[in-house]
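Structure first, then comments.
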Amino acid sequence: VQLLESGGGLVQAGGSLRLSCAASGRTFSSYGMGWFRRAPGKEREFVAAISESGGVTYYAAFVKGRFTISRDNAKNTVYLQIDSLKPEDTAAYYCAAGAGRLRFGASYHYWGQGTLVTVSS
């Protein structure tokens, strides 16, 4: 599975972005999908995940209703809608495909290259 993120960019605080992650291959619907981020000088952290069918979602505590993960298995794509962006959301955002405990990076077998989100104050 190859993953390609898009949708990052420079945005003012309070704005919104929708990140997309397009997957290659015919087994997309067999994987749970997750979004992680790595801010400058910080460790990678879990952001959100979604089950294979899309019926179950998981979010990090800091999301607080501002992020929404979704997927379209017909398009082999997972999305991350980010609203009310804050400067502290500045990070490289990575999507990943895996199974099991989707809050944990070790559960993911495939990773994208990342898309950069920069939020100006």
Side-chain angles (χ1 to χ4, degrees):
V1 176
Q2 292 185 320
L3 304 173
L4 182 63
E5 302 95 336
S6 62
L10 175 63
V11 64
Q12 288 189 330
S16 298
L17 281 175
R18 188 175 81 155
L19 307 183
S20 299
C21 173
S24 65
R26 296 174 290 178
T27 59
F28 176 75
S29 61
S30 300
Y31 293 98
M33 299 296 297
W35 286 95
F36 290 75
R37 70 183 187 183
R38 188 192 303 270
K42 294 187 177 181
E43 298 289 320
R44 183 183 67 193
E45 64 180 346
F46 169 75
V47 175
I50 189 166
S51 63
E52 293 82 343
S53 67
V56 182
T57 56
Y58 309 87
Y59 293 97
F62 68 80
V63 165
K64 295 182 180 179
R66 297 188 299 119
F67 293 38
T68 304
I69 189 170
S70 61
R71 67 188 296 164
D72 185 339
N73 285 346
K75 295 183 178 179
N76 281 12
T77 302
V78 62
Y79 305 96
L80 185 69
Q81 176 71 35
I82 312 175
D83 298 317
S84 302
L85 277 156
K86 303 176 181 180
E88 51 264 44
D89 294 321
T90 294
Y93 285 73
Y94 300 88
C95 72
R101 303 170 69 189
L102 296 179
R103 291 181 179 272
F104 300 94
S107 298
Y108 292 87
H109 314 299
Y110 305 98
W111 293 82
Q113 294 298 308
T115 186
L116 185 60
V117 172
T118 303
V119 185
S120 63
S121 57

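The shown structure was predicted, so the numbers you read here are calculated from the model rather than taken from an experiment.
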Could you note down all residue pairs passing disulfide bond (SG atoms under 2.5 Å apart) where residues 22-85 supplies at least one of them, sequence neighbours left out?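 Counting only pairs at least two positions apart or across chains, no disulfide bond (SG atoms under 2.5 Å apart) contact touches residues 22-85.
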Not counting sequence neighbours, list each pair that qualifies as a disulfide bond (SG atoms under 2.5 Å apart) and has a residue in residues 65-121.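 Qualifying pairs: Cys21-Cys95.
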For [X] and [Y], which heavy atoms make the closest approach, and how far apart are they?
X	Y	result
Ser84	Asp89	O-OD2, 4.4 Å
Tyr108	Ala49	OH-CB, 3.5 Å
Ser121	Ala13	CA-CB, 4.3 Å
Phe28	Val78	CZ-N, 4.0 Å
Ser16	Asp83	OG-OD1, 2.9 Å

Linked hydrophobic residues, Tyr79 as query - side chain contacts closer than 4.5 Å: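 So far as hydrophobic clustering goes, Tyr79 is joined with none.
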Reported [atom1]-to-[atom2] distance for the pair [X] and [Y], which is rounded to 0.5 angstrom:
X	Y	atom1	atom2	answer
Leu19	Phe67	CG	CZ	8.5 Å
Arg37	Arg44	CZ	CZ	13.5 Å
Met33	Ser51	CE	OG	12.0 Å
Trp35	Phe46	CH2	CZ	12.5 Å
Ser20	Gln81	OG	CD	9.5 Å

For [X], look at atom [atom1] and say whether over 12 heavy atoms of other residues, nucleotides or ligands are found less than 6.0 Å away.
X	atom1	result
Gln113	CD	no
Gln2	CD	no
Arg103	CZ	yes

Heavy atoms, side chains only, cut-off 4.5 Å: are Tyr94 and Arg38 in contact?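 A side-chain contact exists here, since the closest heavy-atom pair is under 4.5 Å.
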Verify, without hydrogens or angle tests, whether [X] (side chain) and [Y] (backbone) share a donor-acceptor contact under 3.5 angstrom.
X	Y	value
Asn76	Gly25	yes
Tyr59	Lys64	no
Glu5	Gly114	yes

Results of ring-ring contact (aromatic ring centres under 6.0 Å, His included) for Phe62 - residues two or more places apart only: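 Partners of Phe62 by the ring-ring contact (aromatic ring centres under 6.0 Å, His included) criterion come out as none, since no residue qualifies.
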In a check of side-chain contact (heavy atoms from CB on, under 4.5 Å) between Val11 and each of Thr90, Ile82, Val119, which one passes?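 Checked Thr90, Ile82, Val119 against Val11; only one passes side-chain contact (heavy atoms from CB on, under 4.5 Å): Val119.
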Are Val63 and Ile50 grouped together when hydrophobic residues (ILVMFWY) are joined by side-chain heavy atoms under 4.5 angstrom apart?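 They do share one cluster, since a chain of ILVMFWY contacts under 4.5 Å joins Val63 to Ile50.
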Listed by chain and number, what are the side-chain contact (heavy atoms from CB on, under 4.5 Å) partners of Leu10, not counting sequence neighbours?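 For Leu10 the side-chain contact (heavy atoms from CB on, under 4.5 Å) partners, ignoring immediate neighbours, are Thr118, Ser120.
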Of all residues at least two apart in sequence or in a different chain, which pass the side-chain contact (heavy atoms from CB on, under 4.5 Å) check with Val1?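 Only Leu3, Ala23, Thr27, Tyr31, Tyr110 meet the side-chain contact (heavy atoms from CB on, under 4.5 Å) criterion with Val1.
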Set out, in order, the CA-CA distance, both residues' side-chain angles and the distance that settles side chain to side chain contact (heavy atoms under 4.5 Å, CB included) for Arg71 and Ile69, then state yes or no. CA-CA 7 Å; Arg71 67 188 296 164; Ile69 189 170; over 6 Å; no
Working for side chain to side chain contact (heavy atoms under 4.5 Å, CB included), residues Ser6 and Thr115: CA-CA 6 Å; Ser6 62; Thr115 186; 5.6 Å; no
